[in-house]
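In what follows, a single structure is set out as structure tokens and then discussed.
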Amino acid sequence: MYGIYYNQLFDVLMVVKKNEPSQLVDIKGDVVLLGGKNDEINGINIFKVSQDLHPIKAFNSFEPEVLDYVKTKLADHFLFVQSSQFVVGKVLVCEYIEGTHLHLCQVDLGTRVEQIVCGAANIAIDQLVIVALNGAWMPNGEQIVPSKLRGYESNGMICSQKELGLENDDFNQTGIVVLPPMFENKVGQDFFKESEA
């Protein structure tokens, strides 16, 4: 999974794979490859982006036009494939964690069920939700990683509109996004691809 961010000041598209210190590996034209341990590529900077793409948002990890552009620019370096980071999930179990505002949820992700701790007041059983998978890059630059909250393992994050940078009047404005019934048969599928269909 890659996080893709645009810096307008330097006209650079930053493609991040791992959140760790990087060093220069290679420069080819407008593409700079950055590596970490064992020279594994963990980031890419693509310069002069505005010559090819207009307009460019700050967060682009699931924008089809930007993904195609990155794939084309990196074709000479390696095969760029963006994995699904945000999928439709269904809350199967939702239990209050005593003494907290948190809920312990079991969420169906299509091919597996994951335990996710959620702090939203509007979380409930049988809801269709947007789940950021472990490894997903959020618009604010944070990467979702397995964690423990109040001693409970959490594998992913159930998302709100604000966390995803969405502006959609069809979804509730506070708490997590509760998807409409039309997403019932899309559990486990990429939310952003399905919402465009």
Could you tell me if the side chain of [Y] sits less than 4.5 Å from the side chain of [X], heavy atoms only?
X      : Y      : answer
Gln82  : Ile4   : yes
Phe192 : Leu166 : yes
Leu133 : Leu109 : yes
Met14  : Asn7   : yes
Leu179 : Phe191 : yes

Ignoring hydrogens, what is the shortest heavy-atom contact between [X] and [Y]? Give both atom names and the distance.
X      : Y      : value
Cys94  : Ile125 : CB-N, 3.9 Å
Gly156 : Ile116 : O-CG2, 3.6 Å
Tyr5   : Pro139 : CE2-O, 3.6 Å
Gly175 : Asn122 : CA-OD1, 3.4 Å
Met1   : Ser84  : CE-O, 3.5 Å
Gln85  : Ser61  : NE2-CB, 3.9 Å

For [X], what residues pass the side chain to side chain donor-acceptor pair (under 3.5 Å) criterion, not counting sequence neighbours?
X      : result
Ser147 : none
Ser160 : Glu163
Gln115 : Gln106
Tyr6   : Asp11

What's in the same ILVMFWY side-chain cluster as Leu149, cut-off under 4.5 Å, chained through other members?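 Taking Ile, Leu, Val, Met, Phe, Trp and Tyr as members, Leu149 shares its hydrophobic cluster with Ile97, Leu102, Leu104, Val117, Tyr152.
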Should side-chain heavy atoms under 4.5 Å link Ile, Leu, Val, Met, Phe, Trp and Tyr, which residues sit in the same cluster as Leu79?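 Answer for Leu79: Val81.
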Qualifying salt bridge (charged side-chain N to carboxylate O under 4.0 Å, His left out) pairs with a residue from [range], counting only residues at least two apart or across chains:
range            : value
residues 95-117  : Arg112-Glu114
residues 122-150 : none
residues 69-91   : Lys90-Glu184

Verify side-chain contact (heavy atoms from CB on, under 4.5 Å) between Phe78 and Ile44, making sure each step is shown before the conclusion. CA-CA 11 Å; Phe78 63 91; Ile44 302 107; 3.7 Å; yes
Please say yes or no: joined through hydrophobic side-chain contacts below 4.5 Å, possibly via intermediate residues, are [X] and [Y] part of one cluster?
X      : Y      : result
Val177 : Ile144 : yes
Phe86  : Ile176 : no
Val129 : Leu164 : no
Ile123 : Val93  : no
Phe183 : Val178 : no

To the nearest 0.5 Å, what is the distance between [atom1] on [X] and [atom2] on [Y]?
X      : Y     : atom1 : atom2 : value
Lys57  : Glu65 : NZ    : CD    : 11.0 Å
Asn60  : Leu53 : CG    : CG    : 8.0 Å
Trp137 : Phe59 : CH2   : CZ    : 10.0 Å

Check Ile46, Asn45, Asp52 against Val49 for a side-chain contact (heavy atoms from CB on, under 4.5 Å) and give me the one that passes.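 The passing option is Ile46.
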Val131: which of Val88, Val187, Val107 passes side-chain contact (heavy atoms from CB on, under 4.5 Å):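 With Val131 as partner, Val88, Val187, Val107 yield a single side-chain contact (heavy atoms from CB on, under 4.5 Å), made by Val107.
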List for me each residue that meets ring pair (Phe, Tyr, Trp, His ring centres under 6.0 Å) alongside Tyr69, sequence neighbours excluded, and say none if there are none.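 Per chain and number, Tyr69 pairs via ring pair (Phe, Tyr, Trp, His ring centres under 6.0 Å) with no residue.
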Residues that Phe80 engages under ring pair (Phe, Tyr, Trp, His ring centres under 6.0 Å), provided they are two or more places apart: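 For Phe80 the ring pair (Phe, Tyr, Trp, His ring centres under 6.0 Å) partners, ignoring immediate neighbours, are Tyr2.
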With sequence neighbours left out, write down each residue that passes salt bridge (Lys or Arg N to Asp or Glu O under 4.0 Å) with Lys28, or none if nothing qualifies.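 Asp26.
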